[in-house]
Amino acid sequence: MPTELTPLEKVRLEKLEHLREMGIEPYPNRAERTHTAEEAKAAFLTSEQAGEETGPRVTVAGRLRSMRPMGKITFAHIEDATERIQLFLRANDIGKDRLKLFNKFFDLGDFIQATGVLFRTHSGEITVRVEDFKMLAKAITPLPPAKDEVVDGKVVRHAVLADPETRYRQRYADLAVNPEVREIFRTRAKIVRALRDFLDDHGFLEVETPILQPIYGGAAARPFITYHNQLKQKLYLRISFELYLKRLLVGMYEKVYEIGRDFRNEGISFKHNPEFTQLEFYWAYADYFKVMEFAEEMIAFVADRVLGKRTLTWQGHEIDLNPPWRRVELRQGLIDAVGIDIKDCPTAEELAAAMKEKGIEPKPNASRGKLIDQLVSDYLEPNFIQPTFLYNYPRDISPLAKAMPGDPTMVERFEGFIGGMELCNAFTELNDPLDQEARFLEMGRTYAADDEERHPIDEDYLRAMRYGMPPNGGFGMGIDRLTMIFTDKRSIREVILFPHLRERGNAKPPAEAGENPTVEEKSNEG
RNA sequence: GGCCCAUUAGCUCAAUUGGAAGAGCAGGGGACUCUUAAUCCCUUGGUUGCAGGUUCGAGUCCUGCAUGGGUCACCA
């Protein structure tokens, strides 16, 4: 059970035992903090401005981040969630033995508290003249040393935990030494808060729908599969909230949204994590153009709240989030970008031929919709650096969207892009139960040859729709990707606290959890 | 899953064409009463990701594996 300790850890463990022998508890139950570092400094400034002779007496607590012992005095910094504050320990004040105890048995990374009167050092730094100090929690494993130097008012980090694998696997250590990483997740929380406020203010009701679903749907992805023992029933982790949220429109709610986790058993990349956070909303009596305007207003609102402005820099690009965003009609976009009018190519064969004529290799065995998707991915999306809505999509890759009047091959759907990355997806929702059933059957035929991708038909969803579903517009957006845009990160792992990595030292998966499991193989009986 | 790159001390990184594995920080010992990358002296620490191979000799070249990063595929 005990793990192998490094020599550095053994040294600290010995120090911990020494403390115990001296009657000092290295993990006491209580701390007596009166001020955060930030509050302490503010209190000092207040008393200084009032002309008081001595500064306020405070007890601060935090992690020991630097120590500079100089014989009979020691300077140190502790850091809490607000900021760092300097401690000044002097043999004259606390006695030689206490100072020696501090120098010898307290280490970088330990949580401690210190009590004393605030003053300014000769160099002007607000500092605690320590009268008493206490160990709050001894650190056994040393944090990677992160020394900061202040050069011309700028903080220069000299050694830093930079290895991405260690940073993701031990996010706690990453957060502990890299304050800018802590900031990312504060920003993320602000984004989510702003989205909620915006939707709440517009009369939307926040709801929670099942994560464990008997039938998965609403997107095209392979699911994670699990099993309920008592019900003796397979369950799927949702790949989308869509079909449940739209059931609620049948139930007479007009505006609903959910922010939560989706799970997709697909490849992992710089913009894909197996579980990711999604916002979806559904809005009765709205269509996709109304949703489009609402969406760009929503993002602008988030920018106002989170950044205080509507422009930002992402990977060197100046992004302007001010509405209205650029709008590109898909058919016209492809005419302009590749010189193919998809209207002239009503079948997959004709479109593939047109692509070959332009020197583009069409994906083998792809449907017309997939070929259009290929063209969009390769020739349109990468250029959508500024916020752009691409609208009017092919029907056969959009089985839940309503067809365009006058063109049964196309649907009223748009996607939003920033930085060349798909951010959101929306449509005028299909509410015709007979059409919906036909689409489901069509999808079933399309994938009949490939069991893996075939989705089970959600009969209950069709029943709900037969009760009558108001016309509505729906919208889905990846919160992780939005956070990437707002924090100027290129990898989704930078905005997820604990991203999924392959398990260490367990390279061989259990036999029953092999690649591409079928439902039958994957269920965990018992 | 394919291809490319990486893996050296706790952390960040060196190591000429194949020729004795190093530095800074952290750690240990010592000095030092206003330091802040404190400074100064001394010092511990390595099966170079793992397993093979080529060679008189491998951190360096070859093969396989592992993990990560990138990219492609996949992701209506």
Side-chain angles (χ1 to χ4, degrees), chain A residues 5-12 14-15 65-77 84 86-93 96 99 104 107-109 119-125 127 129 141-151 155-169 173 177 217-222 239-240 264-272 274 363 366-374 377 393-401 411 413 422 425 439 442-443 446-447 450 452-455 490-491 493 501-508 515-516:
Chain A
L5 292 180
T6 66
L8 296 185
E9 290 169 326
K10 282 177 185 157
V11 166
R12 291 197 174 198
E14 283 165 19
K15 291 182 181 182
R65 297 316 297 266
S66 69
M67 289 176 80
R68 292 175 294 283
M70 307 176 54
K72 297 191 177 62
I73 62 168
T74 290
F75 285 97
H77 275 96
R84 291 186 182 203
Q86 185 168 248
L87 308 181
F88 177 55
L89 297 91
R90 207 164 53 142
N92 295 17
D93 297 330
K96 255 173 28 189
L99 184 62
K104 212 167 162 64
D107 289 300
L108 299 183
F119 75 110
R120 274 192 199 275
T121 61
H122 293 336
S123 55
E125 180 166 350
T127 301
R129 187 188 300 274
T141 304
L143 285 167
K147 290 204 159 190
D148 293 337
E149 181 188 15
V150 180
V151 179
V155 175
V156 180
R157 180 88 37 77
H158 285 278
V160 69
L161 177 61
D163 173 47
E165 183 176 355
T166 310
R167 286 187 50 234
Y168 300 150
R169 286 191 195 278
V177 300
R222 282 183 290 167
I239 57 172
S240 148
R264 295 187 183 176
N265 209 338
E266 303 284 354
I268 297 176
S269 81
F270 71 96
K271 51 181 174 179
H272 297 91
K363 278 188 202 171
S367 69
R368 176 172 179 270
K370 281 209 173 185
L371 291 175
I372 292 171
D373 195 47
Q374 179 190 347
S377 299
Y393 275 68
R395 177 179 180 273
D396 67 297
I397 55 169
S398 316
L400 300 164
V411 293
R413 171 182 177 186
E422 181 194 336
N425 180 23
R439 302 281 195 98
E442 197 178 305
M443 295 303 292
T446 306
Y447 293 107
D450 188 354
E452 232 172 73
E453 282 199 43
R454 186 168 55 186
H455 285 201
R490 211 187 92 79
S491 167
R493 291 177 164 175
L501 299 181
R502 194 183 303 265
E503 197 177 352
R504 273 274 190 197
N506 199 5
K508 251 192 172 175
E515 178 76 358
N516 295 343

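Here is how names work: the chains are called A, B, and so on, in the same order as the sequence lines, proteins then strands, and each is numbered from 1. Side-chain atoms are counted along with the backbone in the values below, which use heavy atoms only and exclude waters and symmetry mates.
With U35(B), U67(B), G28(B) as the candidates, the nucleotide lying closest to the side chain of R169(A) is U67(B). Listed nucleotides: A76(B), C34(B), G68(B). Nearest to the side chain of P164(A): G68(B). For V11(A), the listed nucleotide lying nearest its side chain is G28(B); candidates were G68(B), A76(B), G28(B). For P144(A), counting side-chain heavy atoms from C-beta on, the closest listed nucleotide (C75(B), C11(B), G68(B)) is C11(B). Side-chain proximity of K370(A) to U35(B), C75(B), U12(B): nearest is C75(B). Comparing U33(B), A76(B), G68(B) by their nearest atom to the side chain of N92(A) picks out U33(B). In this structure, of G10(B), G28(B), G68(B), it is G10(B) that holds the atom nearest to the side chain of L8(A). Side chain of A220(A), nearest nucleotide from C75(B), G70(B), C74(B): C75(B).
In this model, the phosphate group of G28(B) is approached by a side-chain N or O of K15(A) to a distance below 4.0 Å at OP1 or OP2. Note on K104(A): a side-chain N or O is less than 4.0 Å away from OP1 or OP2 of G29(B). Between U33(B) and R90(A), no contact under 4.0 Å exists linking OP1 or OP2 to a side-chain N or O. Between R490(A) and U71(B), a side-chain N or O to OP1/OP2 separation shorter than 4.0 Å is present. Between R264(A) and C74(B), a side-chain N or O to OP1/OP2 separation shorter than 4.0 Å is absent.
The CD-C1' distance, from E14(A) to G27(B), rounds to 12 Å in whole Å. Note: CD (Q374(A)) to P (A76(B)) measures 15 Å, nearest angstrom. F75(A) has its CZ atom 5 Å from the C1' atom of U35(B), to the nearest Å. Atom P of nucleotide A73(B) and atom NE2 of H272(A) are separated by 12 Å, given to the nearest angstrom. Atom pair L89(A):CG and U35(B):P shows a separation of 16 Å (rounding to whole Å applied). Atom CG of D163(A) is separated from atom P of G70(B) by 13 Å (rounded to the nearest Å).
With sequence neighbours excluded, the residues satisfying side chain to side chain contact (heavy atoms under 4.5 Å, CB included) with D107(A) are R12(A), K15(A), D110(A), K138(A). Applying the side chain to side chain contact (heavy atoms under 4.5 Å, CB included) test to R490(A) and every residue at least two apart in sequence or in another chain returns F270(A), Q315(A). E266(A) pairs by the side chain to side chain contact (heavy atoms under 4.5 Å, CB included) definition with A221(A), R222(A), R264(A), not counting sequence neighbours. With sequence neighbours excluded, no residue satisfies side chain to side chain donor-acceptor pair (under 3.5 Å) with S377(A). Residues satisfying the side chain to side chain contact (heavy atoms under 4.5 Å, CB included) criterion with S398(A), sequence neighbours excluded, are Y393(A), A401(A), V411(A), R413(A).
Looking only at distances, a side-chain donor or acceptor of Q374(A) sits under 3.5 Å from a matching main-chain atom of K363(A).
Scanning atom types as modelled, no donor and acceptor separated by under 3.5 angstrom connect the side chain of E125(A) and the base of U35(B).
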Let me see the working for R167(A) and L161(A) under side chain to side chain contact (heavy atoms under 4.5 Å, CB included), right down to the final yes or no. CA-CA 7 Å; R167(A) 286 187 50 234; L161(A) 177 61; 3.9 Å; yes
Please tabulate the protein-to-nucleotide N/O contacts below 3.5 Å involving nucleotides 38-45 of chain B, giving atom names and distances.
| from | atom 1 | to | atom 2 | distance (Å) |
| --- | --- | --- | --- | --- |
| A38(B) | OP1 | K147(A) | NZ | 2.5 |
| A38(B) | N6 | P69(A) | O | 3.0 |

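Under the Watson-Crick or G-U wobble criterion, with both distances below 3.5 Å, A37(B) has no partner in any strand shown. Base pairing annotation: G52(B) forms a Watson-Crick or G-U wobble pair with C62(B), both donor-acceptor distances under 3.5 Å. When both pairing distances are held under 3.5 Å, G27(B) makes a Watson-Crick or G-U pair with U43(B). Look at U67(B): its Watson-Crick or wobble partner, with both distances under 3.5 angstrom, is A6(B).
Separating the CG atom in D396(A) from the CD atom in E442(A) is a distance of 7.0 Å, to the nearest 0.5 Å.
Taking the P atom of each, A73(B) and A21(B) are spaced 46 Å apart, rounded to whole Å.
Between E14(A) and K10(A) there is no salt bridge, since no side-chain nitrogen of the basic residue lies less than 4.0 Å from a carboxylate oxygen of the acidic one.
Sequence order on RNA chain B of the closest nucleotides to T121(A) and T166(A) puts T166(A) first from the 5' end.
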